[in-house]
**Student:** 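Have a look at this one before I ask anything.
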Amino acid sequence: MEIATTIQNAAPGNGTANRSASGPWKVLLVEARPDEAARINQVLLDGAGSPFELEWADGMEGALHRLASGGVDLVLLDLDLPDSRGLPGLIRLHACFPSQLVVVVVDHENEAVELEALREGALLCLPKTKLDPFWLARALRYSHDRAVAEEKLRAGLAFHRSIVEQLPHGIFRQDLQGRFTYANPFMSDLLGLPQHELVGRRSEEVFPKAVAERAVNQDQEVLRTGRPHERIEELDAPDGRRLCLAVSKTPVRNQQGRIIALQGLMMDETERHQAQAALEQERYFMHLLISNLPDPVYFKDTASRFIRVNQALAERLGGPNPEFMLGKTDFDFFAREHAEPAFHDEQTVMKTGQPIVGKEEKEVWPDGREKWVSTTKMPLRDRNGQIIGTFGLSRDITPRKKAEEKLRAYAASLAQSNRDLEEFAFVASHDLQEPLGKVQAFADLLLADCSDSLSEKGKDYLRRLHKATARMQMLVRGLLTFSRVQTEAQPFQPVDLSALVTEVMADLDTRIQQTGARVEVGPLGTVDGDAHQLRQVLQNLLGNALKFVRPGVAPIVKINSQRVLERVTGANLPMEVCRLSVEDNGIGIEGKYLGRLFNIFQRLRPNEYDGTGIGLATVRRIAQRHGGSVSVRSQPNEGSVFTVTLPVRQRRGDTSTTIP
Amino acid sequence: MNERPIKLLLVEDDEDDYVIVFEHLCHIPGRKFDMDWVCTYPEAVVEIAKRRHDIYVIDYRLGLDNGIDLIEEAVRRGCTAPMIMLTRYCDRFLEKKAREAGAADFLLKCNANAATLEQAILKALQRPAHEPAATS
């Protein structure tokens, strides 16, 4: 079939090969003399049923012109033309139309001219006098049949030649001594040797020693068995690439069936081999991964039956190897209360194509054991994207869960104990106040009513008693304030800081007058907070600024605020904060004490200044409750700057910011 | 006013505090007090109902009861005499609640002495009874 097609395709546009089988022969007579033409016409067309149709051209130019439009089976060519004399005309005609059948007609028999014409491709050379329609038709038919056969042969050869020379495989022949007798272009490219250098050489002369040995062994194998043999060979290409070649050889037999040669095919399998190797490595890696992963891995079909599981899963389910689980389902291994939701999850994954990632679930085992696992389930798709099951893995997170539970319990107990402690501080301060108040009251009464009957010493003791009690009362009240930061927290509301400062300054007016202080207040703005507590902050800071003054130096206190974006602990994004600063020109604090400054009951100068050591601790606690902080910069004998950083916005009504 | 002693009822469950208040009142110069003392909420309710006193000084903590409830009940029962809450708890919420209930004043025990007591009592007596406390 292919051959026929090839022939048709390979056939020239004119000439005999494509002549239709039936119908008259179309003859073009090229003859200068009209009388001769008429005579030949008469001869050929003589009688009814003549196989010829005749056209006439009176010169070479006319003939070529006519031939160009095709359909001429035979040219009767007189060599004696006005525009072309002798054989050059024939040569020219054949140059233009190589497969055109031409019969040269001469006036007189002339063997030399005849031979010359035949050599130049003429079909026949006939004297005009001997033109005979019968013989001419017969000669034409023979030549036509021969042309067709030749054409077929040529096409067949071209076909095989194309296969052998164009296919991207090395094709070769060797004689029984192993000498190459043929190698196609691809083969010579493959080996980097020109065909003529390859032909005549033996494997040992062409290949490295080991390769040649294997080639010779293969040859012997083929010769011994008479059957084809294939081997895989690795060979360095001329460009340095490592080639992987599939070399197959078959015997060549003569008509008697005796092996007379070997022929072979050398296929470059390098890429396929590499792909195969890559695939195998990939599979090996996958295998390694799945087998050695400590977490159970599984693949399930659409009915949630295991189709592949790893060692870890098999071990966890108490099986000897992964195979024992194949075809089984979760229902075979787990309690229904776990197997059922897992099955539904898998159905959902397959229906929606959406994976379930990191779902924490409780596995209940038939023996009642409970385990927490983090499960990931994914749709299993075939190469076409069709969902054919699920796969996934689960990780035992029981220890983590237990730790979390412990941590939660611990946090809860810590919170409880914090609450208890606060409650305790609150109640203790309350209850401490009572006897204390009484001690003080009675001391006062004693001093007022009975001072006459007391000695000076007794009065002095009483005064000391009074003073100590007063101090104790101050401490208790401070402690109460400190504990109230949490117990009496109010929801956050917008607080006008400037208004607060005005109030606090009014409260501290006496002190301000006494010390001759100048208080400079910048614009402070509004923040969300607990007004009472923020007032406490300002009261404590301003109070301190007015308390820790340098002798002989009138206090100057500057209260300012600044809004900035700042990353706050526990928040992902920077948030707007208000930095409220209270700057004084007082005694300042030595750097080494700064770290302890905000600790409760920490007093730096107990003998020189009154105080409880609770004020700054309270400031810090309030700042923390607002999700803020407090810091200090200071130079001894120059002054201090206390900066309270507060988020500008809180969640409204929120009191939940917990104090660590 | 100088002539007639001021009749005062102290509602206080702590004897020490009774003694202290009593002593303070004794130390107010030029003024006489006729002071009665009850310890419990029920006793106080009974005494207040008699309307024999010019003024009531009521402790916040009364065993398991509290003074604010007492003030509320007294007002409900038509008491018009001023009531002063006396407590050890420096607590602005408590003060607010007391004033809302009808207390004429809110006095801290730690601040209580002859002078502060006198001032609070006189101020309360001058004021029409149960004027909304918040306006004071």
Side-chain angles (χ1 to χ4, degrees), chain A residues 423 425-452 466-491 500 503 507 530-536 539 612 614 618 655, chain B residues 10-31 33 35 37 39 57-68 84-100 106-120:
Chain A
E423 195 76 4
F426 185 69
V427 171
S429 335
H430 263 135
D431 293 356
L432 286 173
Q433 267 195 324
E434 190 194 307
L436 206 54
K438 287 178 187 172
V439 170
Q440 205 177 24
F442 284 116
D444 285 347
L445 288 173
L446 200 58
L447 207 58
D449 284 8
C450 316
S451 60
D452 292 348
H466 182 86
K467 213 173 138 192
T469 321
R471 171 150 177 75
M472 182 68 178
Q473 210 152 30
M474 203 160 73
L475 282 169
V476 169
R477 265 184 233 151
L479 207 54
L480 198 57
T481 310
F482 183 77
S483 68
R484 274 177 178 162
V485 171
Q486 203 66 334
T487 54
E488 289 187 2
Q490 292 294 298
L500 273 193
E503 283 177 42
D507 288 351
D530 182 330
H532 182 74
Q533 293 187 346
L534 294 183
R535 183 183 163 144
Q536 188 89 51
Q539 178 122 20
T612 57
I614 300 176
T618 305
T655 58
Chain B
L10 176 68
V11 185
E12 170 64 75
D13 65 344
D14 186 323
E15 190 181 350
D16 289 340
D17 285 331
Y18 156 67
V19 172
I20 291 166
V21 170
F22 181 78
E23 286 300 326
H24 285 327
L25 291 178
C26 290
H27 282 80
I28 296 173
R31 203 167 294 274
F33 286 90
M35 183 172 128
W37 169 42
C39 289
V57 176
I58 300 169
D59 185 19
Y60 172 66
R61 204 156 70 177
L62 297 169
L64 293 175
D65 297 309
N66 72 65
I68 289 177
I84 293 172
M85 170 134 284
L86 183 67
T87 180
R88 205 170 300 288
Y89 303 132
C90 172
D91 185 324
R92 62 212 151 94
F93 299 107
L94 199 63
E95 178 172 353
K96 189 161 170 269
K97 270 170 74 183
R99 287 187 191 274
E100 279 167 4
F106 187 88
L107 202 56
L108 288 172
K109 282 180 179 173
C110 55
N111 294 336
N113 54 41
T116 53
L117 267 173
E118 181 189 21
Q119 199 191 356

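Please read all numbers here as calculations on a predicted model, not as lab measurements. Chain letters run A, B, ... following the sequence lines, proteins first and then strands; every chain starts at 1. Hydrogens, waters and symmetry mates are skipped; everything else that's a heavy atom, side chains included, is used.
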**Student:** So which part of B/Asp14 gets closer than 4.5 Å to some heavy atom of chain A, the side chain, the backbone, both or neither?
**Tutor:** side chain
**Student:** Answer yes or no: are there more than 12 heavy-atom neighbours, outside A/Glu503 itself, under 6.0 Å from its atom CD?
**Tutor:** yes
**Student:** Highest number of heavy-atom pairs under 4.5 Å with chain B: which of A/Leu436, A/Leu480, A/Asp444, A/Asp449?
**Tutor:** A/Asp449
**Student:** If we only count heavy atoms from C-beta on, is the A/Gln539 to A/Asp507 side-chain gap below 4.5 Å?
**Tutor:** yes
**Student:** Taking side chain to side chain contact (heavy atoms under 4.5 Å, CB included) as the criterion, tell me which of B/Ile84, B/Asp17, B/Val57 meets it with B/Leu10.
**Tutor:** B/Val57
**Student:** Please rank B/His27, B/Arg88, B/Glu23, B/Lys109 by heavy-atom pairs under 4.5 Å with chain A and give me the top one.
**Tutor:** B/Arg88
**Student:** Do B/Trp37 and B/Glu15 have side chains that get closer than 4.5 Å, going by heavy atoms?
**Tutor:** yes
**Student:** Can you confirm whether more than 12 heavy atoms, excluding those of A/Phe442, are under 6.0 Å from its CZ atom?
**Tutor:** yes
**Student:** Taking heavy atoms only and a threshold strictly under 4.5 Å, list by residue number the residues of residues 58-68 of chain B that touch chain A; give 'none' if the list is empty.
**Tutor:** B/Arg61
**Student:** Please examine the side chains of B/Phe33 and B/His24, heavy atoms only from C-beta on, and report whether any two atoms are closer than 4.5 Å.
**Tutor:** no
**Student:** Determine whether A/Leu447 and A/His466 make a side-chain contact, defined as any pair of heavy atoms from C-beta on separated by less than 4.5 Å.
**Tutor:** no
